[in-house]
Amino acid sequence: MRAAFAILALLYAGLALAIDSEPPFADPALQARYEQLTHEFRCLVCQDETVADSNAELAADFRRQIHGMVEAGRSEAEIRQYMVSRYGNFVLYKPPVRGSTALLWAGPFILLLLALTVVARVVRRRASAEEGSS
């Protein structure tokens, strides 16, 4: 049983290492920037995973592009602008608050308010119906 657990642990460790094939930066600050940026972009294939977490080929390509741009000294804003201009706002895990994305940000709160209004009306109607019958 222990041997099977050890084999599974090694397999998962190998998979985790295989996700990021880019060599680490010698400078820890550049490595931190690279890792932060890969967590800010969405994998367009997986859609629920960041580029850092996805093992899709497109995510690997994104990581190579980001690695190259960080290595070339481009700023985070420049890298974000490049990715958005090429793939649209959908590539951002947290899209910016704009008029076009306002419904995305406010939608859950609007739905919650509507649901609470419906529940309050149903409760009031039942309460008034019970008072009328007794």
Side-chain angles (χ1 to χ4, degrees):
M1 184 70 175
R2 285 185 178 181
F5 181 73
I7 290 171
L8 282 174
L10 287 174
L11 285 174
Y12 280 115
L15 286 174
L17 291 173
I19 286 177
D20 198 356
S21 61
E22 296 303 314
F25 288 96
D27 183 1
L30 289 179
Q31 183 68 30
R33 279 184 57 209
Y34 166 73
E35 290 176 7
Q36 178 192 354
L37 284 165
T38 57
H39 281 90
E40 290 181 12
F41 296 110
R42 176 188 317 268
C43 174
L44 298 179
V45 174
C46 306
Q47 296 189 3
D48 286 337
E49 290 183 285
T50 65
V51 167
D53 297 332
S54 174
N55 56 5
E57 286 186 35
L58 183 62
D61 187 43
F62 282 6
R63 286 191 297 269
R64 275 191 295 277
Q65 289 179 14
I66 294 168
H67 191 275
M69 288 187 277
V70 168
E71 200 170 53
R74 294 177 75 172
S75 71
E76 293 174 14
E78 289 173 329
I79 294 170
R80 276 190 208 97
Q81 179 61 35
Y82 171 81
M83 296 295 279
V84 167
S85 67
R86 190 160 187 185
Y87 304 104
N89 279 330
F90 189 71
V91 76
L92 297 173
Y93 227 81
K94 292 182 182 174
V97 179
R98 294 183 182 153
S100 61
T101 60
L103 188 60
L104 175 71
W105 288 100
F109 299 108
I110 292 170
L111 289 176
L112 178 65
L113 186 61
L114 287 173
L116 289 175
T117 302
V118 168
V119 168
R121 285 185 177 189
V122 168
V123 168
R124 280 189 205 152
R125 284 186 184 170
R126 285 188 180 177
S128 64
E130 287 180 10
E131 287 178 14
S133 65
S134 56

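At most 12 non-hydrogen atoms from other residues, nucleotides or ligands lie less than 6.0 angstrom from CG of L103.
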Subject >> Steps toward salt bridge (charged side-chain N to carboxylate O under 4.0 Å, His left out) verdict (R126, E130) >> reply: CA-CA 6 Å; R126 285 188 180 177; E130 287 180 10; over 6 Å; no
**OP:** Please lay out, stage by stage, how N89 and R98 fare under the test side chain to side chain contact (heavy atoms under 4.5 Å, CB included).
**Re:** CA-CA 11 Å; N89 279 330; R98 294 183 182 153; 3.2 Å; yes
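Among all heavy-atom pairs drawn from R63 and V51, the shortest one is NH1-O, 2.5 Å. In plain terms, the two heavy atoms of E49 and D53 that are nearest each other are OE2-O, 3.5 Å. Taking every heavy atom of both residues into account, R33 and R74 meet most closely at NH2-O, 2.6 Å.
L92 and W105 are members of different hydrophobic clusters when ILVMFWY side chains are connected at heavy-atom separations under 4.5 Å. The hydrophobic cluster containing L104 does not contain F90, counting ILVMFWY residues as joined when their side-chain heavy atoms lie under 4.5 angstrom apart, directly or transitively. Under the 4.5 Å side-chain heavy-atom criterion for grouping Ile, Leu, Val, Met, Phe, Trp and Tyr, I79 is connected to L58 within one hydrophobic cluster.
Between the CE atom in M69 and the OG atom in S75 there is a gap of 10.5 Å [rounded to 0.5 Å]. Note that CD of E71 and CG of D27 are 11.5 Å apart. Values are rounded to the nearest 0.5 Å.
Two residues are said to be in side-chain contact when any heavy atoms from C-beta on lie closer than 4.5 Å; D61 and R64 meet this criterion. Looking at heavy atoms from C-beta onward, V45 lies out of side-chain contact with S54 at the 4.5 angstrom threshold. Using a 4.5 Å heavy-atom cutoff, the side chains of E76 and Q36 are in contact.
Under the ring pair (Phe, Tyr, Trp, His ring centres under 6.0 Å) criterion, F41 pairs with no residue at all, not counting sequence neighbours. Taking the salt bridge (charged side-chain N to carboxylate O under 4.0 Å, His left out) definition, one finds that E78 meets it with nothing, sequence neighbours left out.
Counting only distance, with no hydrogens or angles, the side chain of H67 and the backbone of F25 share no donor-acceptor pair below 3.5 Å. With hydrogens and angles ignored, the 3.5 Å screen pairs a side-chain donor or acceptor of T101 with a backbone N or O of P96.
Classified by interplanar angle (parallel below 30°, tilted 30° to 60°, perpendicular above 60°), the ring pair F62/Y87 is tilted.
A ring-centre distance under 6.0 Å is not found for H39 and Y93.
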